[in-house]
Each structure stands twice: as C-alpha cells, then as structure tokens.
Amino acid sequence: MSKGWRKISITILVVLIFLCAFLAVVGSETNNYSAESVAKEYDLPIGQSMFENQSITGTTDPVEVPFITNMGFILHEVQAFDLRGILVVLSTGVVPFDFSTVADEGIDSYGNVVDVDGPGFLTYAGDKLVVKEPDNYVWAYSAPYKWLQKTESGVDVYENGEKIKSVPVDEIRSLEYHNDYYNASTIASWYNYDAVVGSKFTLEKGMVGFSDGRNNISSSDVPKIFGQEVVDYASEYPTGSPILLYSGNYTEKQGESYGTSLGSHPEYGDSIREVNARQFVEAWNGTIIPPNSTSSGKDYVYFESASDASAPGGSAAHGVCPSARALRAAVTAEGFDLPVGMTWDENAVQFGFNPAQDITVTNNHDYPVKISMWTEGSGTGMGIYCKVTRYIPND
C-alpha cells in the first residue's frame with residue numbers, strides 16, 4: 001500500500017471513530033419509534049407468513065427517513081464500513097430506517113427476515129416486531145374460498161365471500177371448474193340430486209384458524225407457503241377438516257395397530273362387501289390428524305348398497321364394518337374415544353353415517369398421528385389392517 005493510500009485510510013478510520021463517538025452522543029435525537037407505530041406507519045402485514053430473506057415491508061427498497069431527526073440510524077453504514085452508504089446519507093439527507101430499534105428475533109436492521117427456518121410469520125413479542133419460526137407443527141382448517149351456491153335458476157359463484165357471477169341452469173354442464181375429484185358433470189349431479197337452494201359446492205379451499213395464530217390464507221397462497229401436497233391433501237377431505245400444514249423436527253414412532261378379515265355374509269353379497277371394505281380403507285388410509293383435533297375420512301369415496309330389510313330405507317353399505325372394526329381397535333387402543341358414528345358391536349358402523357365423511361376420530365395427543373390402512377389378499381379371507389403412527393416432537 002502506498003503512503004498516500006495509507007494516509008487516506010488512516011484519515012477515514014479517524015473520521016469513522018469520530019463519527020461513532022458523535023453518534024453515541026446524538027443517538028438520543030432519533031425519533032421515538034415503537035413496534036406498533038412503525039407497523040401502522042408502513043402498513044406492515046402483522047400475522048402474514050414470511051420466509052428467509054423476505055422484507056417485512058414487502059419491498060426491496062429500504063425504508064428511508066430524514067437523517068437530521070434520525071442521526072443514530074447511520075450506524076448501519078458505519079458498522080458495515082460502507083463509505084458509499086455514508087456519503088449517500090450525507091448527500092441526500094435521508095437514512096435507512098434501523099429496524100433493530102423496534103424489532104428482534106428473525107428481523108435484521110434493514111427489515112429483512114433472517115435466521116428463520118420454514119414458513120415463519122410476522123408478529124409482536126412484547127414491544128418488538130419479530131418473525132416467529134413455525135412451531136414443530138402448524139395446522140389449520142380448510143374453508144371455502146371459492147364456491148358455488150345453488151339458486152332457483154342456477155348457481156352463483158363466490159370468491160372470498162363476494163359473488164362474482166351467476167350461471168343459469170343450462171350452462172352448469174359447461175363450467176370449466178375441475179380438479180382430480182370433481183368436474184362439470186359432478187357439479188351438475190350435485191345440483192340436480194344433492195343440493196337444495198342455498199347449498200354450497202366448494203371449488204377452492206383456503207386455510208383458517210391457524211394453530212399458531214397467523215393470518216388466514218387464500219387458496220392461491222396455500223401452495224406458495226405450504227406446498228402443493230397440502231392442496232392435494234385438503235382436496236381429498238371435507239371442507240372444515242383440520243389440515244397439518246407443516247411439521248419439523250419430529251420422529252415417527254409406531255403406535256397401536258390391529259388386523260381383521262372380511263369374513264363371509266352371502267346374504268348381503270360378499271363381492272359387494274369386499275368393494276365396500278376396500279373403499280373404507282381408501283377413505284381412511286393416509287389420514288393425518290393434528291393434535292387435539294377431529295377428522296373424518298376422505299371425501300369423494302363412494303359405497304355400494306346391499307339389500308337389508310332391517311336398515312333404514314331397506315339397504316346399507318355392508319362390508320364396511322370389518323374395516324371399521326380395525327380402525328376402531330387401533331384408535332381406541334391408542335387412547336382415543338370411540339369414533340363418532342361407530343358402536344362397540346360387531347356391526348361397528350351406525351346406520352345413517354357415511355363411513356368416509358361422517359365417522360370422525362379425535363386425536364387427544366399433543367402431537368399429530370397418521371392413520372394407515374391396507375388390505376392383503378382378496379375374497380372373504382381378505383386381511384384388513386390399521387396402524388397409527390405418532391409424530392413425536394424432538395424438543
């Protein structure tokens with residue numbers, strides 16, 4: 001290094017030391033800010049989900065305030081030895097807002113999200129703004145975000161609570177709404193056979209009632225924040241189901257399990273019974289129930305009817321009871337209550353309860369559980385199995 005540059009560097013260092021000392025004296029001349037006043041002033045999205053490197057202000061441009069009334073904020077540039085930043089402040093008269101004065105965990109001095117693993121969310125901790133990391137588990141409840149509502153003359157389409165258009169009866173079969181579980185024909189069948197005026201058909205689901213208190217999110221934000229697999233899972237289950245959105249730092253542990261066989265009741269048709277037993281397994285396999293929550297099986301699972309003079313209406317979905325007994329045994333051995341819609345009898349499913357949508361299991365643990373069901377073999381000797389997997393937190 002030449003003598004000239006060494007002299008310049010020493011001069012700059014002396015100036016910076018002087019500037020630090022000066023700022024230590026005048027720092028008290030910075031405006032009095034609070035987390036709430038800053039959140040209100042800059043319309044910060046309290047409760048919104050956020051990720052690493054995202055700005056809590058929603059913009060890449062720094063928040064700037066007058067230097068003359070916020071002299072202490074120049075410490076940003078001094079501590080970073082940012083000569084260009086210092087010159088910009090002194091030449092423009094504005095300085096980047098120092099968020100360290102009103103923020104703590106998960107937020108740096110420029111208002112960016114830092115050291116947050118997973119989908120955190122902006123909130124308050126005492127008198128500070130923080131971006132809180134997700135808990136071991138985050139869950140919420142699916143809720144209609146976009147839906148159809150039956151009218152006297154067709155359907156109204158709603159999105160986020162607002163009616164966006166009306167569709168006459170003769171155009172329902174031309175609707176372009178569809179996913180893996182419904183299409184225009186499904187909607188037309190619902191309209192003609194299942195719905196009454198005022199009934200709703202959910203097209204897209206958002207999430208509400210978050211376990212950690214973050215804001216509700218729209219259907220379009222679900223895959224952005226928690227992944228497409230969450231959308232796919234929620235699509236399979238009735239609206240209002242609890243959905244495990246995030247899980248981290250846990251260990252899977254084998255819970256209770258039980259197995260049974262289909263058996264033979266030719267008076268109801270063993271081939272129909274086998275179909276229904278497999279459908280019950282399909283309805284419940286893969287169901288994840290968050291802590292202290294209640295879930296049913298999947299939506300869009302259908303059962304065959306068999307004649308039964310003792311059943312209301314003269315028919316019932318025979319064959320579901322062996323599968324139901326496997327589920328009942330596993331979950332009650334786990335310490336859960338008898339599922340709603342079941343009895344302790346051999347005929348485990350109560351009349352009038354859809355085995356997929358109406359039976360419900362309540363997880364009374366403080367951690368999620370997963371229900372797995374499967375079959376082995378076929379015919380009257382077909383094996384039916386159920387097991388519970390516990391998601392035990394590591395801390």
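Applying the under-4.5 Å side-chain rule to Ile, Leu, Val, Met, Phe, Trp and Tyr, the cluster around Tyr300 extends to Leu148, Val155, Val157, Ile164, Val167, Val169, Ile172, Leu175, Tyr177, Tyr181, Tyr182, Ile187, Trp190, Tyr191, Phe201, Leu203, Tyr302.
In summary, the side chains of Ser34 and Ser37 do present a donor paired with an acceptor at a separation below 3.5 Å, with no hydrogens or angles considered. Thr239 and Thr202 share a side-chain donor-acceptor pair at under 3.5 Å. Between the side chains of Ser218 and Ser220, at least one donor-acceptor pair of N or O atoms lies under 3.5 Å. In this structure, a donor-acceptor pair under 3.5 Å is absent between the side chains of Asp270 and Thr380.
When all heavy atoms of Phe353 and Gly341 are compared, the pair lying nearest together is CD2-CA, 3.4 Å. The nearest pair of heavy atoms linking Lys205 to Ala234 is NZ-O, 2.8 Å. The minimum heavy-atom distance between Ser264 and Arg273, with the atom names listed, is CA-NH1, 3.9 Å. Contact record, Ala356 with Ala283: CB-CB, 3.6 Å, taken as the closest heavy-atom pair. The shortest heavy-atom contact between Ala326 and Tyr258 is CA-CD2, 3.6 Å. Between Trp139 and Pro291, the shortest heavy-atom contact is CZ3-CD, 3.6 Å.
Following chains of ILVMFWY side-chain contacts shorter than 4.5 Å, one cannot reach Phe121 starting from Val208, and the two form parts of different hydrophobic clusters. Using a 4.5 Å cut-off between side-chain heavy atoms of Ile, Leu, Val, Met, Phe, Trp and Tyr, with links allowed through other members, Ile384 and Tyr268 fall into different hydrophobic clusters. Both Val113 and Ile107 are members of a single hydrophobic cluster when ILVMFWY side chains are connected at heavy-atom separations under 4.5 Å. Criterion: ILVMFWY side-chain heavy atoms under 4.5 Å apart, direct or through other members. Under it, Val222 and Tyr145 are not part of a common hydrophobic cluster. When hydrophobic clusters are built by joining Ile, Leu, Val, Met, Phe, Trp and Tyr residues whose side-chain heavy atoms come closer than 4.5 Å, directly or via intermediates, Val130 is not grouped with Val114.
Remark: Asp61 CG to Ser55 OG distance equals 9.0 Å, nearest 0.5 Å. The distance from atom OG of Ser241 to atom CD1 of Ile289, rounded to the nearest 0.5 Å, is 10.0 Å. Rounding to the nearest 0.5 angstrom, the gap separating the CD1 atom in Ile359 from the CG atom in Asn354 is 8.0 Å. The distance from the CG atom of Asn292 to the OG1 atom of Thr362 is 9.5 Å, given to the nearest 0.5 Å. Between atom CD of residue Gln48 and atom CG of residue Asp221 there is a gap of 8.0 Å, rounded to the nearest 0.5 Å. Considering OG of Ser49 and CE of Met207, their distance stands at 12.0 Å, rounded to 0.5 Å.
Under the side-chain contact (heavy atoms from CB on, under 4.5 Å) rule, Met50 has a single partner from Leu122, Asn112, Val116, which is Leu122. Screening Val331, Ile288, Val369 for a side-chain contact (heavy atoms from CB on, under 4.5 Å) involving Asn363 leaves a single residue, Val369.
The shortest side-chain heavy-atom distance between Ser247 and Leu244 falls under the 4.5 Å cut-off. Glu267 is not listed as a side-chain neighbour of Ser307, based on a closest heavy-atom distance of 4.5 Å or more. With a 4.5 Å cut-off on side-chain heavy atoms, Thr57 and Leu44 count as touching. Considering only heavy atoms from C-beta on, Pro119 comes within 4.5 Å of Tyr246 through its side chain.
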> Where do Phe99 and Ser109 land on the side chain to side chain contact (heavy atoms under 4.5 Å, CB included) test, with the steps shown first?
Replying inline: CA-CA 4 Å; Phe99 279 92; Ser109 59; 5.5 Å; no

> After noting the C-alpha distance and the side-chain angles of Ile371 and Cys386, does the key distance pass the side chain to side chain contact (heavy atoms under 4.5 Å, CB included) rule?
Replying inline: CA-CA 7 Å; Ile371 295 172; Cys386 180; 3.9 Å; yes

> Would Ile225 and Phe51 count as a side chain to side chain contact (heavy atoms under 4.5 Å, CB included) if you check the C-alpha gap in whole Å, the side-chain angles of each, and the deciding distance to 0.1 Å?
Replying inline: CA-CA 9 Å; Ile225 299 171; Phe51 291 89; 4.1 Å; yes

>> As a quick check of understanding, evaluate ring-ring contact (aromatic ring centres under 6.0 Å, His included) for Phe97 and Tyr33, giving each step before the final call.
In response: CA-CA 10 Å; Phe97 189 92; Tyr33 296 102; 4.8 Å; yes

>> Walk me through whether Tyr385 and Ser372 qualify under side chain to side chain contact (heavy atoms under 4.5 Å, CB included).
In response: CA-CA 8 Å; Tyr385 303 91; Ser372 299; over 6 Å; no

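No donor-acceptor distance shorter than 3.5 angstrom exists from the side chain of Glu171 to the backbone of Pro168, with no hydrogens or angles considered. Judged by distance alone, with hydrogens and angles left aside, the side-chain atoms of Ser142 form a donor-acceptor pair with the main-chain N or O of Gly240 at under 3.5 Å. Between the side chain of Trp284 and the backbone N or O of Gln279 there is no donor-acceptor pair closer than 3.5 Å. Checking side-chain atoms of Ser235 against main-chain N and O of Val231 turns up a donor-acceptor pair under 3.5 Å. Panel note: side chain Thr186, backbone Ala184; no donor-acceptor pair is recorded below 3.5 Å. Between the side chain of Asn216 and the backbone N or O of Gly209 there is at least one donor-acceptor pair closer than 3.5 Å. Formation of a donor-acceptor pair under 3.5 Å by the Asn192 side chain with backbone atoms of Ala188 is found in this model. Of the possible donor and acceptor atoms, one in the side chain of Asn215 sits under 3.5 Å from a partner among the backbone N and O of Ile46. For Asn136 (side chain) and Asn249 (main-chain N/O), a donor-acceptor pair under 3.5 Å exists by modelled atom type. The backbone N or O of Gly198 lies less than 3.5 Å from no partner atom in the side chain of Lys150, so there is not a single donor-acceptor pair.
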Output side-chain donor-acceptor pairs under 3.5 Å for residues 315-324, partner residues at least two apart or in another chain, one line each.
unit_1 : atom_1 : unit_2 : atom_2 : d
His318 : NE2    : Asp308 : OD2    : 2.7
Ser323 : OG     : Ala277 : O      : 3.0

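Applying the side chain to side chain contact (heavy atoms under 4.5 Å, CB included) criterion to Gln149, with sequence neighbours excluded, gives Trp147, Tyr158, Lys200. Annotation: side chain to side chain contact (heavy atoms under 4.5 Å, CB included) contacts of Ser153 (sequence neighbours excluded): Thr151.
In this structure, Tyr367 has its ring center at least 6.0 angstrom away from the ring center of Tyr391.
Here side-chain hydrogen bond (donor to acceptor under 3.5 Å, both in side chains) pairs that include residues 327-345, with residues two or more places apart or in two chains, are Glu334-His365, Glu334-Arg390. Pairs of residues two or more places apart, or lying in two chains, that qualify as side-chain hydrogen bond (donor to acceptor under 3.5 Å, both in side chains) and include a residue from residues 117-134 are Lys132-Asp135.
Between Arg278 and Glu274 there is a salt bridge, since a side-chain N of the basic residue sits under 4.0 Å from a carboxylate O of the acidic one. Of the charged side-chain nitrogens involved, none lies within less than 4.0 Å of a carboxylate oxygen, so that Glu252 and Lys370 do not count as a salt-bridged pair.
Using cut-offs of 30° and 60° for the angle between ring planes, the Tyr233 and Tyr237 rings count as parallel.
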